[in-house]
Structures are given as C-alpha cells and as structure tokens.
**Student:** 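Before I ask anything, let me first share the structure, which is written out below as structure tokens.
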Amino acid sequence: MSQGKRNFFEDVYSVVKKIPFGKVTSYGSIAKYIGSPQSSRMVGWAMNSSHNIHDVPAHRVVNRKGLLTGKHHFEGTNLMQQLLESEGIKVHENKILNFSNVYWDPVINLPPFKK
DNA sequence: ATTCTGACGTGGG
DNA sequence: CCCCACGCCAGAA
C-alpha cells in the first residue's frame, strides 16, 4: 500500500529494459502499458532518476514525434544520438528518421502488464 | 498551503 | 506539417 510511486519507477525501468536493440518507444506508450496513460510526464521524471542505473537504455525512449527530447540530459552534447546511431538508427536534427519503422510498442509487443 | 516546472500527449486551427 | 492551449501528476521553492 501507498508504495505505488516506487513501483511506478521500477515498472518504467522494467519496460525500458525490454526495448529490443535497434528499436525505440515513447514515454506515453510506456505510461499506457503500465496502466497510467495520463502519467507520461512521470515516465520522463522516472528516467531522470535512472541516471545511476546503467541497465536502463534510456536513449531508446523518445517522445511521440520521434524527437530526442531527453538528449540534453545525457553526458556531452550528442551521446544519446551516438548511442542510437550505434544501433543503426538514423537521426537528423534531433529527430529519428523512418520513425514508424524503428518504433516498438510495449502495448502490442509485450504480454499484458502485471506487477 | 500555493505556485511553477517538466526527458509528454491530445485536440483544434 | 506546424503551432497553441489544456490536462496530468510528482517534486521543488
């Protein structure tokens, strides 16, 4: 009880860890998958706390337009883009090219969420 | 307690 | 396609 917040963070990380190599998803999709479709902003907040955790591929999470909105929170100026391009994803002007082709939706590709 | 902000999303023009 | 206003919710000042 009343630990929903902590689970929320863990839930977000567990989903992000399952994003396949070379694919990306959005904050909103993650929020929707874990049962809080209106807390997409909190997903971003959770990612902010994932800085310490190296198991979480935060670079594979972008906004619904395919923009690298969190890029500024990575080290250096272009780390996020570098990581994505190292996985074969093309990026131009902070935006993922051929977005629909590399987009991976947990709601569709994972079994129903259960805690 | 109140106000503002933010790694967002949707709807309307 | 772009831009704007609004809704959301947790944390900081």
Side-chain angles (χ1 to χ4, degrees):
Chain A
M1 31 254 207
S2 78
Q3 46 178 205
K5 179 179 43 179
R6 180 178 181 173
N7 279 334
F8 182 84
F9 277 64
E10 290 182 8
D11 293 345
V12 171
Y13 300 150
S14 72
V15 178
V16 176
K17 288 178 184 174
K18 290 172 184 166
I19 304 174
F21 183 94
K23 295 286 183 177
V24 300
T25 193
S26 68
Y27 304 94
S29 294
I30 294 172
K32 189 175 185 180
Y33 178 68
I34 63 180
S36 302
Q38 298 176 317
S39 300
S40 48
R41 300 181 100 160
M42 293 303 99
V43 173
W45 215 253
M47 301 311 292
N48 204 13
S49 299
S50 79
H51 245 260
N52 295 319
I53 314 173
H54 284 284
D55 298 5
V56 181
H59 61 283
R60 295 185 188 144
V61 185
V62 299
N63 77 347
R64 69 138 181 133
K65 307 172 191 167
L67 278 171
L68 280 53
T69 48
K71 143 179 201 177
H72 228 263
H73 292 260
F74 284 77
E75 294 177 10
T77 56
N78 245 19
L79 180 58
M80 186 177 187
Q81 178 169 343
Q82 282 184 329
L83 290 171
L84 289 172
E85 292 185 329
S86 72
E87 300 190 6
I89 297 174
K90 312 291 189 194
V91 178
H92 178 62
E93 296 290 311
N94 295 337
K95 185 179 177 184
I96 293 180
L97 301 179
N98 207 356
F99 185 51
S100 58
N101 202 40
V102 296
Y103 180 69
W104 176 88
D105 190 347
V107 178
I108 297 175
N109 298 284
L110 288 182
F113 178 76
K114 31 188 346 183
K115 37 178 176 175

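Reckoned from all heavy atoms, side chains included, excluding hydrogens, waters and symmetry mates.
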**Student:** Check whether any side-chain heavy atom of K71(A) lies under 4.5 Å from a side-chain heavy atom of T77(A), and answer yes or no.
**Tutor:**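 Not touching, per the 4.5 Å side-chain cut-off.
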
**Student:** Applying side-chain hydrogen bond (donor to acceptor under 3.5 Å, both in side chains) as the test, list every pair that has at least one member in residues 83-93 of chain A; sequence neighbours left out.
**Tutor:** H59(A)-E87(A), R60(A)-E87(A), Q81(A)-E85(A)

**Student:** Could you list where the contact with chain A starts and ends along DNA chain B, reading 5' to 3', using a 4.0 Å heavy-atom cut-off?
**Tutor:**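 Listing 5' to 3', DNA chain B meets chain A from dG6(B) to dT10(B).
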
**Student:** Is there a donor-acceptor pair closer than 3.5 Å between any side-chain N or O of K32(A) and the backbone N or O of Y27(A)?
**Tutor:** no

**Student:** Drop me the distance from L110(A)'s CG to S29(A)'s OG, to the nearest 0.5 angstrom.
**Tutor:** 11.0 Å

**Student:** Is it the case that one hydrophobic cluster holds both L67(A) and W104(A), taking links as side-chain heavy atoms less than 4.5 Å apart, direct or via other members?
**Tutor:** no

**Student:** For A58(A), report the nucleic acid contact type (base, sugar-phosphate, nothing); a contact means any heavy atom under 4.0 Å.
**Tutor:**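 Touches a base.
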
**Student:** Between residues 13-34 of chain A and DNA chain B, which residues have a heavy-atom gap below 4.0 Å?
**Tutor:**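 Residues of residues 13-34 of chain A that come under 4.0 Å of DNA chain B are, in numerical order, S26(A), Y27(A), G28(A).
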
**Student:** Under 4.5 Å side-chain heavy-atom separation, chaining through any Ile, Leu, Val, Met, Phe, Trp or Tyr, what else clusters with L83(A)? Say none if it is isolated.
**Tutor:**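 So far as hydrophobic clustering goes, L83(A) is joined with V24(A), V62(A), L68(A), F74(A), L79(A), M80(A), L84(A), I89(A), V91(A), I96(A), F99(A), V102(A), Y103(A).
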
**Student:** Could you list the donor-acceptor pairs under 3.5 angstrom formed by side chains in residues 34-58 of chain A, with sequence neighbours left out?
**Tutor:**
{"unit_1": "S50(A)", "atom_1": "OG", "unit_2": "M47(A)", "atom_2": "O", "d": "2.6"}
{"unit_1": "H51(A)", "atom_1": "NE2", "unit_2": "H73(A)", "atom_2": "O", "d": "2.7"}

**Student:** Measuring from D105(A):CG to I19(A):CD1, what's the distance to the nearest 0.5 Å?
**Tutor:** 10.5 Å

**Student:** Can you see which heavy atom on F113(A) is nearest to which on Y33(A), and at what distance?
**Tutor:** CB-O, 3.3 Å

**Student:** Check each residue of residues 63-82 of chain A for a non-hydrogen atom within less than 4.0 Å of any atom in DNA chain B, then write out the ones that pass by number, or none.
**Tutor:**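 Residues of residues 63-82 of chain A under 4.0 Å from DNA chain B: N63(A), R64(A), T69(A), G70(A), H73(A), F74(A).
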
**Student:** Check whether the side chain of R41(A) and the base of dC9(C) form a donor-acceptor pair under 3.5 Å.
**Tutor:**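 No.
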
**Student:** 5'-most contact on DNA chain C: S40(A) or W45(A), nearest heavy atom basis?
**Tutor:** S40(A)

